[in-house]
Each structure stands twice: as C-alpha cells, then as structure tokens.
Number of protein chains: 2
Amino acid sequence: MPSSTVENYLKRLFIEQQKQPGQLVQMGHLAEAMKVTAGTATSMIKALADSGLVDYEPRNGVKLNVQGEQLALHVLRRHRLIELFLVQILGLDWAEVHPEAEQLEHAVSEKVLERMDGLLGRPNFDPHGDPIPSADGIIRKQQLATLLNCPRGQLMKIARIVDQDTDFLQFLDRHALRPGATLTLVHLDTLADAVTLQLGGERTLVLGTRAASKILVEPA
Amino acid sequence: MPSSTVENYLKRLFIEQQKQPGQLVQMGHLAEAMKVTAGTATSMIKALADSGLVDYEPRNGVKLNVQGEQLALHVLRRHRLIELFLVQILGLDWAEVHPEAEQLEHAVSEKVLERMDGLLGRPNFDPHGDPIPSADGIIRKQQLATLLNCPRGQLMKIARIVDQDTDFLQFLDRHALRPGATLTLVHLDTLADAVTLQLGGERTLVLGTRAASKILVEPA
DNA sequence: GCTATAATTTTGATAGGTCAAAATAAAAAA
DNA sequence: TTTTTTATTTTGACCTATCAAAATTATAGC
Ligand SMILES: [Mn+2]
Ligand SMILES: [Mn+2]
Ligand SMILES: [Mn+2]
Ligand SMILES: [Mn+2]
C-alpha cells in the first residue's frame, strides 16, 4: 500500500507531466511543486524508481511509468470524486473543497469511493471542471481554449478552472465565473496584458492574462 | 495538530479507561490494545505526558488529563459520526464501517464534520448504539444491562453492541440482532456458560456468556 | 527476607520523510 | 576554452514511530 506521501508525489508528477507533455519533470520543478527541498525530491524519486513506479534519469528528470501512471490516475479519481461529493452531498463551497480532498483522498477506501460514485451518478467532471478518471484509469483529455486564445465576440461557456487557490476561486465565484457560466471575450489587449470580458447583463470585467489563462472555455 | 498516531492512543486510552473507571491504564494493557510492543507504548506515553495530554505514573499506569480527554472525545465524536454517515448516507453495512471510520476520523475537517452532523440531524448514537460525544465534548453515559444481568422473561430492546469485530457483527446481523431489535432472555445457565434467547416469532438462540455480555439492552 | 516471576522501562536499530549545507555536474557566459 | 552560474545529488542530522532484546523494578511465593 503506497503511503500518502507516495500518492501525493505520483499525483503531482502526473499533473506536472500533463502541463509539458512528452518532457521529463525536472527535480527542481517537482521539489517546488511539492514544497520540499530539492534533495528531498531526489531521494523520494529514487525510492519511487526502486519501487518501479517511475523512470528516473539522474540529472535529467523523471516520468511516471505505466504502473505509476495508473496509481496516479487512481489517486486523482479519488481526489476529484471526493471534491464533487463534498460540494453536491455535503454542500461545501467549490472554492474550498480542494484542501479537504487533499486529505480525504488518502483515507477513503474503494468501497466508500464506489458508493460516492454511485450516489453522484457516475459523474465525469469535478466542481472545477477537471475530468474524473474512470475506475479503470482512463481520463478523457479535453481540447479546450483559454480566455486568451478563444474566438472574440462569441458566447463561450466556462468548462474548467485550472487553479485550486481558494482565494482565486472565491474571487471568480463573486463574479459568477463558475464552470457552466457563459461569457464573451470582448477584447484582448496584449500591451496592457489584459482581456475584457462581457458577463451576463451589462457587466464587464477586465482580467490580467495570467488569470485569464486559467479559465478554460468552449463554445456555448 | 496531533498526528493520527496520537489521536489513536488518546482514543484508546479513553475507551480502556471507561472499562475500569478510576483506575490507571496499565502499559501492558495499552500496548496490547494498540497492537504495539510494551516499549513502544511506554515511549509514546512519555511523549504524550510531555505534551501535557496524560498523567503518567511510571511503573504504575497512565490516564488522560482534562486536555487529553477533550481531545479523545473529539476523535471519538468524529469516529462515530463518520460511522453513522457511512451507514445512513452511503448505505454501507453497519458491520463493516468501523475500519473505514478508523481511517477517516483523521482526515475529516471540522467543517466537513459539521455538515455531516447536520445532514444526519444531530444524532446521539452511532450504528452500534455507541453514544456520540457532543461538539463541546460531553458524552452521555448510559446505564445499560447486558444479556447476562437483565431481567429474565421480559421483553428487552438491544441498545448497544460493544464489539467492533466485523465477523461478530455480521453474525448478529444474520440473526437480526441489531440495535433496536427486541428479544427476551429466557434462561441463563451458569454451568453451561450460556444464555437462551427468545427472538421474534418462534426463533430461539443460544449464546455463550462471552458473546452475550457484549449485547447491551434496555426495557422495550 | 530472599528468590522466582511478571511487568515495565531502557537501549540500540530500523524505516520513512524531511532539511541544511557541501559536493558535483551541466549549462551559460565570457 | 575557461570561468561562472545554476541545477542536482550527496552527506550528515533530525523527528516520529516502531521492534527486539537487555536491564530494571515490583510482586508473589516460599
Ligand atoms: Mn494529498
Ligand atoms: Mn478539482
Ligand atoms: Mn484511527
Ligand atoms: Mn461504533
């Protein structure tokens, strides 16, 4: 049985790998993401390599192998199902479920997870629009535009938010920018580094490109 | 924040203390209950004493102090509320929720617990009939008879089962012996070390005194 | 009161995770 | 091609939790 530390590393590796497909994850990058020192990351990765969960190229980087990826997807499934459960069944705020799920994902058994899944009606997406891997470890990868590269002047629907920071999510929530909400990209000003959005009614909102790139949309 | 190991020791101390009120819990007894060696228990208890959670008399035994007891009650509350949640909301079997709760009790936040409590309607008892401590750490102590010392020939209601072993609980369940069920103590045979029970209908059941003493009842 | 026995505590080790600081290797700059 | 900078790995330590085995009490028996 993998420890929760191991589960966290695997999950993190999967997520970082997806951001730069094909490439190895650098030690420094991993250490930063896990909030540990580089030396700690190195020794952990060596242990994971010994357990046959990752391919490690010293001084080069690391990637999940097939077995590690399956495990990571399993943890990710638990995390995301739990998030949805907390929102749908217990009525927690979607902006604050991430840290809760971060703990619970290591404590929930297969049996309990299966019940949650059933109760939720075998959902495909979590409250942030992140896809939920299937029980057999398959994840649908979506091809979504960001608010920076989506068509201008066209009504779009928010599909996913790729940031788990509670304060950021609460900010979005205050402007009703949640998965499912619709909006239009009015203007992208590269010099000002900002986008102008048309929300419901007359409301207009200006976001910096950093923030805008975290909002993934699809045609409404 | 106490580690889950610390939480488990405190909970165990509380439960063992209740079995022999007033007395100190012996190291050997604690070690046995925690399934660790005596040396491990000793060093853990010394650590708990240093953290100001228990009163430790070397060579004599240990007991929770006020602070430790509050913490223990808090863990017990989490454990029991979770058990009820698993049965009522997720539909798990009451015979198998204990080990699940044993993990979840360390991962559930106050916020999540509060939602569970609300959803369950502020319950007072868990699926085994164990009382659930209140949020401010008060536990009602019940004065219940066992199937060994309850009045004979009188209809009794099962109030509580004081054993968490899944196989034993499933055995009870097969005979419909669950909290809330009614039955009559027909005969207690001290020589045969057994009791004869009258269940619903014509059904009769003979239990050894060891098993019978784990079934707590009250007048129906 | 002395001895055998049982319970408890100590000691020395190990495993998992972590950090700070030193050593090393690779990449970039000069 | 050297030198400097940056990233990675190693080393030495520490903390929590655990065990096995040795040392130390207490307790009971005689
Ligand atoms: Mn986690
Ligand atoms: Mn999510
Ligand atoms: Mn526990
Ligand atoms: Mn219970």
Side-chain angles (χ1 to χ4, degrees), chain A residues 1-13 16-17 19-20 23-64 67-68 71-72 75 99 102-103 105-107, chain B residues 1-13 16-17 19-20 23-64 67-68 71-72 75 99 102-103 105-107:
Chain A
M1 213 89 315
S3 68
S4 30
T5 305
V6 166
E7 291 190 340
N8 285 335
Y9 273 93
L10 294 175
K11 183 154 61 78
R12 184 51 50 191
L13 278 172
E16 298 307 320
Q17 242 169 232
K19 290 190 196 163
Q20 329 144 20
Q23 290 159 75
L24 295 179
V25 177
Q26 246 94 355
M27 282 307 159
H29 188 69
L30 177 61
E32 161 112 48
M34 291 299 296
K35 296 184 174 130
V36 296
T37 62
T40 298
T42 298
S43 73
M44 190 65 209
I45 288 304
K46 287 209 281 191
L48 292 184
D50 289 347
S51 323
L53 296 171
V54 302
D55 292 341
Y56 170 46
E57 298 178 20
R59 289 220 120 92
N60 222 341
V62 63
K63 70 179 218 289
L64 295 168
Q67 218 208 127
L71 250 168
V75 182
E102 203 58 51
Q103 299 309 309
E105 65 189 359
H106 312 293
Chain B
M1 214 86 318
S3 67
S4 29
T5 304
V6 166
E7 290 190 340
N8 285 335
Y9 273 92
L10 294 176
K11 184 154 62 77
R12 183 52 50 190
L13 278 174
E16 298 307 320
Q17 241 169 234
K19 291 190 197 163
Q20 327 144 20
Q23 291 160 73
L24 295 180
V25 178
Q26 245 93 352
M27 281 307 157
H29 188 69
L30 177 61
E32 161 112 51
M34 291 298 296
K35 296 185 176 129
V36 296
T37 63
T40 299
T42 299
S43 74
M44 190 64 210
I45 288 303
K46 287 209 282 193
L48 292 184
D50 288 348
S51 324
L53 296 171
V54 302
D55 291 342
Y56 171 46
E57 298 179 19
R59 250 113 216 154
N60 225 339
V62 63
K63 69 179 219 290
L64 294 167
Q67 218 208 125
L71 250 169
V75 181
E102 204 58 51
Q103 299 308 311
E105 66 189 1
H106 313 292

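All of these numbers come straight from a predicted model, not from anything done at the bench. Note on naming: letters A, B, ... go to the chains in the order of the sequence lines (proteins, then strands), and numbering restarts at 1 for each one.
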Participant: With B/Gln26, which residues qualify under side-chain hydrogen bond (donor to acceptor under 3.5 Å, both in side chains), at least two apart?
Facilitator: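 For B/Gln26 there are no side-chain hydrogen bond (donor to acceptor under 3.5 Å, both in side chains) partners, ignoring immediate neighbours.
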
Participant: Between residues 52-59 of chain A and DNA chain D, which residues have a heavy-atom gap below 4.0 Å?
Facilitator: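 Heavy-atom contacts with DNA chain D come from A/Tyr56, A/Pro58, A/Arg59.
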
Participant: Measuring from atom CZ of A/Arg12 to atom CG of A/Leu30, what distance do you get when rounded to the nearest 0.5 angstrom?
Facilitator: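 The distance works out to 9.0 Å.
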
Participant: Please test A/Val62 against A/Tyr9 for side chain to side chain contact (heavy atoms under 4.5 Å, CB included), starting from the C-alpha separation and ending with a verdict.
Facilitator: CA-CA 11 Å; A/Val62 63; A/Tyr9 273 93; over 6 Å; no

Participant: Using a 3.5 Å distance criterion without hydrogens, assess whether the side chain of B/Gln17 forms a donor-acceptor pair with backbone atoms of B/Leu64.
Facilitator: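 Yes.
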
Participant: Please list, in 5' to 3' order, the outermost nucleotides of DNA chain D lying under 4.0 Å from any heavy atom of chain B.
Facilitator: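 The contact span of chain B on DNA chain D goes from D/dA17 to D/dT25.
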
Participant: Ignoring hydrogens, what is the shortest heavy-atom contact between B/Ala49 and B/Tyr56? Give both atom names and the distance.
Facilitator: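 Heavy-atom minimum between the residues: CB-CB, 4.0 Å.
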
Participant: How far apart are the closest heavy atoms of A/Leu71 and A/Pro2, and which atoms are they?
Facilitator: CD2-CG, 4.0 Å

Participant: Side chain to side chain contact (heavy atoms under 4.5 Å, CB included) between B/Ile45 and B/Leu48: does it pass, once the steps are laid out?
Facilitator: CA-CA 5 Å; B/Ile45 288 303; B/Leu48 292 184; 4.0 Å; yes

Participant: What is the minimum heavy-atom distance between A/Glu16 and A/Ala33, and which atoms define it?
Facilitator: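 Result for this residue pair: OE2-CB, 4.0 Å.
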
Participant: Please list, in numerical order, the residues of residues 37-48 of chain B that have a heavy atom closer than 4.0 Å to any atom of DNA chain D.
Facilitator: B/Thr37, B/Thr40, B/Ser43, B/Met44

Participant: Specify the separation, in whole Å, of atom CE of A/Met27 and atom P of C/dA25.
Facilitator: 17 Å

Participant: Can you list, in residue-number order, the parts of residues 5-12 of chain B that come under 4.0 Å of DNA chain D, counting heavy atoms only?
Facilitator: B/Thr5, B/Tyr9

Participant: Side chain to side chain contact (heavy atoms under 4.5 Å, CB included) between B/Leu10 and B/Val75: does it pass, once the steps are laid out?
Facilitator: CA-CA 8 Å; B/Leu10 294 176; B/Val75 181; 5.7 Å; no

Participant: Count the heavy atoms belonging to other residues, nucleotides or ligands that lie under 6.0 Å from CD of B/Gln20, then report whether that count exceeds 12.
Facilitator: yes

Participant: Tell me every residue that passes side chain to side chain contact (heavy atoms under 4.5 Å, CB included) with B/Ser4, counting only those two or more places apart in sequence or in another chain.
Facilitator: B/His106

Participant: Atom NZ in A/Lys63, atom CD in A/Gln23: separation rounded to 0.5 Å?
Facilitator: 12.5 Å

Participant: Please report the distance, rounded to the nearest Å, between CG in B/Leu30 and P in C/dT9.
Facilitator: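 After rounding, the reported distance stands at 11 Å.
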
Participant: Walk me through it: do A/Met44 and A/Met34 pass the test side chain to side chain contact (heavy atoms under 4.5 Å, CB included)?
Facilitator: CA-CA 11 Å; A/Met44 190 65 209; A/Met34 291 299 296; over 6 Å; no

